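First comes the structure, then the notes that go with it.
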There are 2 protein chains.
Amino acid sequence: MKYSKATNYALHTMLFLAKEATNKPVGVQQLAEMQDVSPTYLSKILTKLVKEGMINSVSGANGGYTLSRNWEDISFLDIIHAIEGKSSLFDCCLYNDPKCVIKEVMLSAEETLENELRNRKISDLVKK
Amino acid sequence: MKYSKATNYALHTMLFLAKEATNKPVGVQQLAEMQDVSPTYLSKILTKLVKEGMINSVSGANGGYTLSRNWEDISFLDIIHAIEGKSSLFDCCLYNDPKCVIKEVMLSAEETLENELRNRKISDLVKK
DNA sequence: CAATTAGAGACTTTACATATCTATAATAGC
DNA sequence: GCTATTATAGATATGTAAAGTCTCTAATTG
């Protein structure tokens, strides 16, 4: 079980945009070079963030990506969910018992993880 | 990101053995049937638990698996680590910065998850 | 010795992450 | 309006790890 590289790229891109603190769009070319990943692939990842309303995209010359207006509220969990999806970490496929005690433990542990990630905002990492 | 099915099988097997509360070995055949998985595959998973000293195996007729002597101390985290390995959930491949703030957040979140799973023992689920 | 059971290793299959390629759409600057 | 630049979408390819199978070996019982 691992977080995907895509999540890593998304988090670092968000942090970079937050540090920039400018409204001028940053092109995927530049973002991709910094992270040593292909622009088309990164673009596909960032499109997910656009669809979740975390960043805005601007087509055309001098286009690129900018943070959305509410960016200071965006948590690690938001970004992770946008990339990895929101489905549970643990599937108890065993006879689909709704009262499976193992599932209960696993889901409650997952909840503590999510609470932690929900409390951590990208904007906290920017303030000096 | 998901926990593997193998982890699910391992957890359910441990819980079953704990509920049995007998020293008589339980064969992989029976354990596999209950969970609707092939015996050879489950055997491969259980061997990992044997190597970590969580269960004992007995070859030969009437053989099978029994809980180890210290089974009441075995946590969810122990079992998960035995199956999934102990490597971190998050690899920050980006220029390998040892002070990457994103990595710090992710690792500290992972630690809260592990603490939770460390405090949950299989034996807690058995007591009435 | 025969039956039963776990363990080990090679192999196959499946699923998903990680890309790549190409074509399309939008926008800026001229 | 034309051209260069940039994001988006879809199809396709590649790599890797999980999931599962098959076969042979080793240990134990009776």
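Everything quoted here is computed from the prediction, not taken from an experiment. Worth knowing before you read on, the calculation uses all heavy atoms, side chains too, and leaves out hydrogens, waters and symmetry mates.
- Between B/Pro39 and B/Glu84, the one whose closest nucleotide on DNA chain D sits nearer the 5' end is B/Glu84.
- The shortest distance between the side-chain N/O atoms of A/Ser43 and the OP1/OP2 oxygens of D/dA7 is not below 4.0 Å.
- Heavy atoms of B/Thr47 sit under 4.0 angstrom from primed sugar atoms or phosphate atoms, though from no base atom.
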| Is there a side-chain contact (heavy atoms from CB on, under 4.5 Å) between B/Ile74 and B/Glu52 once you walk through the steps? | CA-CA 11 Å; B/Ile74 296 172; B/Glu52 295 294 327; over 6 Å; no
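- Annotation for B/Ala82 and B/Leu49: closest pair CB-CD2, 3.9 Å, computed over non-hydrogen atoms.
- If you take CG of B/Leu42 and P of D/dA18, they are 17 Å apart, rounded to a whole angstrom.
- Straight-line distance from the CD1 atom of B/Ile45 to the C1' atom of D/dA17: 14 Å, rounded to whole Å.
- Phosphate proximity of D/dT8 to A/Lys48: absent, as no side-chain N or O sits under 4.0 Å from OP1 or OP2.
- OP1 or OP2 of D/dG30 sits under 4.0 Å from a side-chain N or O of B/Asn62.
- If you measure from atom CD of A/Gln30 to atom P of D/dT5, you get 16 Å, rounded to the nearest angstrom.
- Atom OH of A/Tyr65 and atom P of D/dT6 are 12 Å apart (whole Å).
- Using a 4.0 Å heavy-atom cutoff across all strands shown, A/Val37 reaches no nucleic acid atom at all.
- Straight-line distance from the CG atom of B/Asn56 to the C1' atom of D/dA27: 15 Å, rounded to whole Å.
- OP1 or OP2 of D/dT8 has at least one side-chain nitrogen or oxygen of A/Ser57 nearer than 4.0 Å.
- Here B/Lys121 does not pair with B/Asp73 in a salt bridge; the nearest charged N to carboxylate O distance is not below 4.0 Å.
- By the 4.5 Å heavy-atom criterion applied to side chains, A/Thr13 and A/Ile45 are not counted as neighbours.
- A/Gly60 comes within contact range of at least one nucleobase, with a heavy-atom separation under 4.0 Å.
- In terms of position on DNA chain C, the residue among A/Ser38 and B/Val26 whose nearest nucleotide sits closer to the 5' end is B/Val26.
- Using a 4.5 Å heavy-atom threshold, the side chains of B/Val50 and B/Tyr65 count as touching.
- The NZ atom of A/Lys44 sits 13 Å away from the P atom of D/dT12 (whole-angstrom rounding).
- Protein atom CE of A/Met1 is 18 Å distant from nucleotide atom C1' of D/dA19, rounded to whole Å.
- Using a 4.5 Å heavy-atom threshold, the side chains of A/Leu67 and A/Met14 count as touching.
- Residue A/Tyr41 has no polar side-chain atom (N or O) positioned under 4.0 Å from OP1 or OP2 of D/dA9.
- B/Lys2 comes within 4.0 angstrom of nothing in the nucleic acid, heavy atoms only.
- For the pair B/Leu46 and B/Leu42, the minimum side-chain heavy-atom distance is below 4.5 Å.
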| Trace of the side-chain contact (heavy atoms from CB on, under 4.5 Å) decision for B/Asn8 with A/Asp91 | CA-CA 8 Å; B/Asn8 188 34; A/Asp91 286 333; over 6 Å; no
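- Checking the phosphate oxygens (OP1, OP2) of D/dA19, a side-chain nitrogen or oxygen of B/Ser4 falls inside 4.0 Å.
- As rounded to whole Å, 10 Å separates atom P of D/dT21 from atom CG of B/Asp36.
- The outermost nucleotides of DNA chain C lying under 4.0 Å from heavy atoms of chain B, listed 5' to 3', are C/dT4 to C/dA10.
- Taking for each of B/Gln29 and A/Ser59 the nucleotide of DNA chain C with the nearest heavy atom, the 5'-most of the two is the partner of B/Gln29.
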